[in-house]
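Worksheet for the structure shown next.
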Amino acid sequence: MKSQAVKGTHDILPAQVPAWRLVESKVRETLERAGAGEIRPPVFEHTETFVKTAGESSDLVVQKEMYTFEDRGERSLTLRPEFTPGFMRAFIQHGMHTLPSPVRLWGMGPVFRAENVQRGRFRQFHQVNYEVLGSDAPLIDAETIALLYDALTAVGLRNLTVKLGSVGDPEDRAAYNDYLRRELEPQAGRLTETSQERLRLNPMRLLDAKDPGDQELIRPLKRPLDFLGEPARSHFEEVQQWLGDWNIPFEIDPAIVRGLDYYRRTAFEVHHGGIGAQSALSGGGRYDGLIESLGGPKTAGIGWAFGVERVLDAMAVDGVEVPAPTVPDVFLVPLDETAVAEVAAAARLLRSDLSVQHSVIKRNPGRGMKDADRSGARFAALRGDRERELGTYEVKDLISGSQESVPETQLLQYLQEREDR
RNA sequence: GUGGGUGUAGCUCAGUCGGUUAGAGCACCUGAUUGUGGUUCAGGGGGUCGUGGGUUCAAAUCCCAUCAUCCACCCCA
């Protein structure tokens, strides 16, 4: 029990990699056909980059969910708990506002959060992240949500639930927070401790409260959607219009709230019912003003992230078929010591065109066939003293069981002609 | 951080009112098979029973602590 990966981290083993590649290839195809460029920011950034982006009242900061450390130069650095801050920093640093607008960026990789683990929640996990910078048009909101839906559908998921809401503009949120404080402060003593904390820091998040007593107090209150100003309201309606036009199934979630402070207007999540309590595959929203607050040019933005492990979990639940790992085209079996050198040399040459494995010690024919069978190869090719005399390989088709003597100079051609049959 | 479940072979697990040398299936290695795979048969390797302490003539089994793991709360990806 000594050799053990750190709590909340996992090895992705060879048998699992094909599923990861399937997700990555489908997502890449979906997003890049829509004009997204892949960006690969560093895994760690200055701590400040994350704190300024997420906000002081976010759980990432408040609950100390970030892996923060000091390097030898006494800089405070943090392993990324999400992609968006790194994308924003890179956008500003490289002057991407001069690129044709809007700029669409996507990325994939590990992120780190110091949370307690459960199904669908890990300390190192992986996200696919997508952001569009430079447009505040409702059309872009709808396009962004549609691409998320298309990407998840492309990997084979069904029965997805898209939840759509709006957190309004900053002044709407301020008005709503004021309203919540007005309504709840007189009876704050009846709220749980965490809810009282939220009432002080970010009242809107009270809507997430699960405590029955808290819910009782909150239920009669108005929702954020009731406080949308005219600009946010018409924006929200137009997004719905587009999604309806494109047949993207969605439902309005009047209580949708984001844990991160930077969201404005459109907010959305995609859920899947079969993967336990952590049912959110993805979350995202609009964040106009974020780049400006980070010292960049005034730039609108919207984006989302999905958790790769959760998507893989959902794929398994939905029975999505994953391509099998590649198997060798041919497996060479040396029947004596001399043949060991011969098949090793032959394998090197054949590998310019085929996938080739071989036994690395001499084998008797029965054992050699067993090696070949277990490699998953289509063909086994035996080499011993008889073959050496004739300059041939004894090639057996492991599916049909038929066998032929093939001159070594024609081995490649022989295999290529038959591998698809 | 809190709560509950579970820790016995690489994997899935049995064994637990305390009692000889701790078991099975799968996987792995060897042989039956000195030129032919999948099936079958025979044999073999592999365990500090998570860890530490306690009770006892005797502990995988009972008690305490601790760690890990799974699920859930919280929050979200």
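In what follows, every chain begins at residue 1, and chains take the letters A, B, ... in the order their sequences are listed.
A distance of about 11 Å separates the P atoms of A14(B) and U6(B), rounded to the whole Å. The P atoms of G10(B) and U48(B) are separated by 8 Å, rounded to the nearest whole Å. Distance check on atom P: U39(B) versus G25(B) gives 16 Å, rounded to whole Å. The gap from the P atom of G47(B) to that of G54(B) amounts to 26 Å, rounded to the nearest Å. Taking atom P in both U40(B) and G35(B), the straight-line distance is 25 Å, to the nearest Å.
Both distances falling under 3.5 Å, in either a Watson-Crick or a G-U wobble arrangement, place C73(B) opposite G1(B). The partner of U56(B), taking Watson-Crick or G-U wobble pairs whose two distances both stay under 3.5 Å, does not exist in any strand shown. Of the nucleotides present, C28(B) is the one that pairs with G44(B) by Watson-Crick or G-U wobble criteria, both distances under 3.5 Å. Remark: U16(B) base-pairs with no nucleotide in the shown strands. Criterion, Watson-Crick or G-U wobble with two distances under 3.5 Å.
Across all strands shown, G368(A) has no heavy atoms under 4.0 Å from either base or sugar-phosphate atoms. Residue R310(A) is in base contact, counting any heavy-atom pair closer than 4.0 Å across all strands shown. Contact annotation for D336(A): no contact, since no heavy-atom pair falls under 4.0 Å across all strands. Residue A372(A) is classed as having no contact, given no heavy-atom separation below 4.0 Å to the nucleic acid. In this structure, F122(A) reaches the bases: a heavy-atom distance under 4.0 Å links it to at least one base atom across the strands shown. Within the 4.0 angstrom heavy-atom criterion, only backbone atoms of the sugar-phosphate kind lie near L281(A); the bases stay farther away. Note on E309(A): nothing from the nucleic acid sits closer than 4.0 angstrom, heavy atoms only. Counting non-hydrogen atoms under 4.0 angstrom, S279(A) reaches a base of the nucleic acid.
Between Q118(A) and C71(B) there is no side-chain polar atom (N or O) within less than 4.0 angstrom of OP1 or OP2. For the pair K370(A) and U36(B), the criterion of a side-chain N or O lying under 4.0 Å from OP1 or OP2 is not met.
Partner of D336(A) under the salt bridge (charged side-chain N to carboxylate O under 4.0 Å, His left out) criterion, chosen from K362(A), R388(A), R386(A): R388(A). Exactly one residue among R80(A), R89(A), K52(A) makes a salt bridge (charged side-chain N to carboxylate O under 4.0 Å, His left out) with E45(A). That residue is R89(A).
Summarising the geometry, the separation between CG on D371(A) and P on C28(B) is reported as 11 Å, rounded to the nearest angstrom. The CD atom of Q278(A) sits 10 Å away from the P atom of C76(B) (whole-angstrom rounding). Atom CD of E404(A) and atom P of G35(B) are 22 Å apart (whole Å).
In terms of position along RNA chain B, the nucleotide closest to R363(A) lies nearer the 5' end than the nucleotide closest to the other residue of the pair R363(A) and K7(A). Ranked by how close their nearest RNA chain B nucleotide is to the 5' end, H10(A) and S400(A) are led by S400(A).
Salt-bridge formation is detected for the pair E408(A)/R383(A): a Lys NZ or Arg NE/NH1/NH2 atom is positioned less than 4.0 Å from an Asp or Glu carboxylate oxygen. Comment: D178(A) does not engage R182(A) in a salt bridge, judged by the lack of any side-chain N to carboxylate O separation of less than 4.0 angstrom. No salt bridge links R265(A) with D136(A); every basic N to acidic carboxylate O contact stays at or beyond 4.0 Å. With salt bridges taken as basic N to acidic carboxylate O contacts below 4.0 Å, none links R264(A) and D169(A).
Neither side chain, E251(A) nor T161(A), offers a donor N or O lying under 3.5 Å from an acceptor on the other.
At a cut-off of 3.5 angstrom, counting only N and O atoms as typed in the model, there is no donor on one side facing an acceptor on the other between the side-chain of Q403(A) and the base of G37(B). Residue side chain N116(A) reaches the base of U2(B) through a donor-acceptor N/O pair under 3.5 Å, judged by distance alone. Within 3.5 Å, a donor on the side chain of R121(A) pairs with an acceptor on the base of C74(B), or the reverse. Contact of R367(A) with G37(B) (side chain to base): no donor-acceptor pair of N or O atoms is detected under 3.5 Å.
Pairing each heavy atom of A346(A) with each of Y393(A), the nearest pair is CB-OH, 3.5 Å.
Residue-nucleotide stacking is present for F125(A) and A77(B), judged by a side-chain ring centre under 5.5 Å from the six-membered base ring centre and planes under 30° apart.
A cation-pi arrangement, defined by a distance under 6.0 Å to the six-membered ring centre and an angle within 45 degrees of its axis, is absent between R310(A) and F306(A).
Here the side chain of L382(A) is nearest to one of G35(B), G37(B), A72(B), namely G35(B). For M369(A), the side-chain atoms get nearest to G37(B) when compared with the rest of G37(B), G35(B), C71(B). The side chain of R374(A) approaches A27(B) more closely than any other nucleotide in the set C74(B), A27(B), G38(B). Nearest nucleotide to the side chain of D373(A), out of G38(B), A72(B), U36(B): G38(B). With G35(B), G37(B), C74(B) as the choices, the nucleotide that has an atom nearest any side-chain atom of K396(A) turns out to be G37(B).
Residues from residues 327-334 of chain A that place a heavy atom under 4.0 Å from any atom of RNA chain B: there are none.
Within a 6.0 Å sphere centred on CZ of F44(A), other residues, nucleotides and ligands contribute 12 heavy atoms or fewer.
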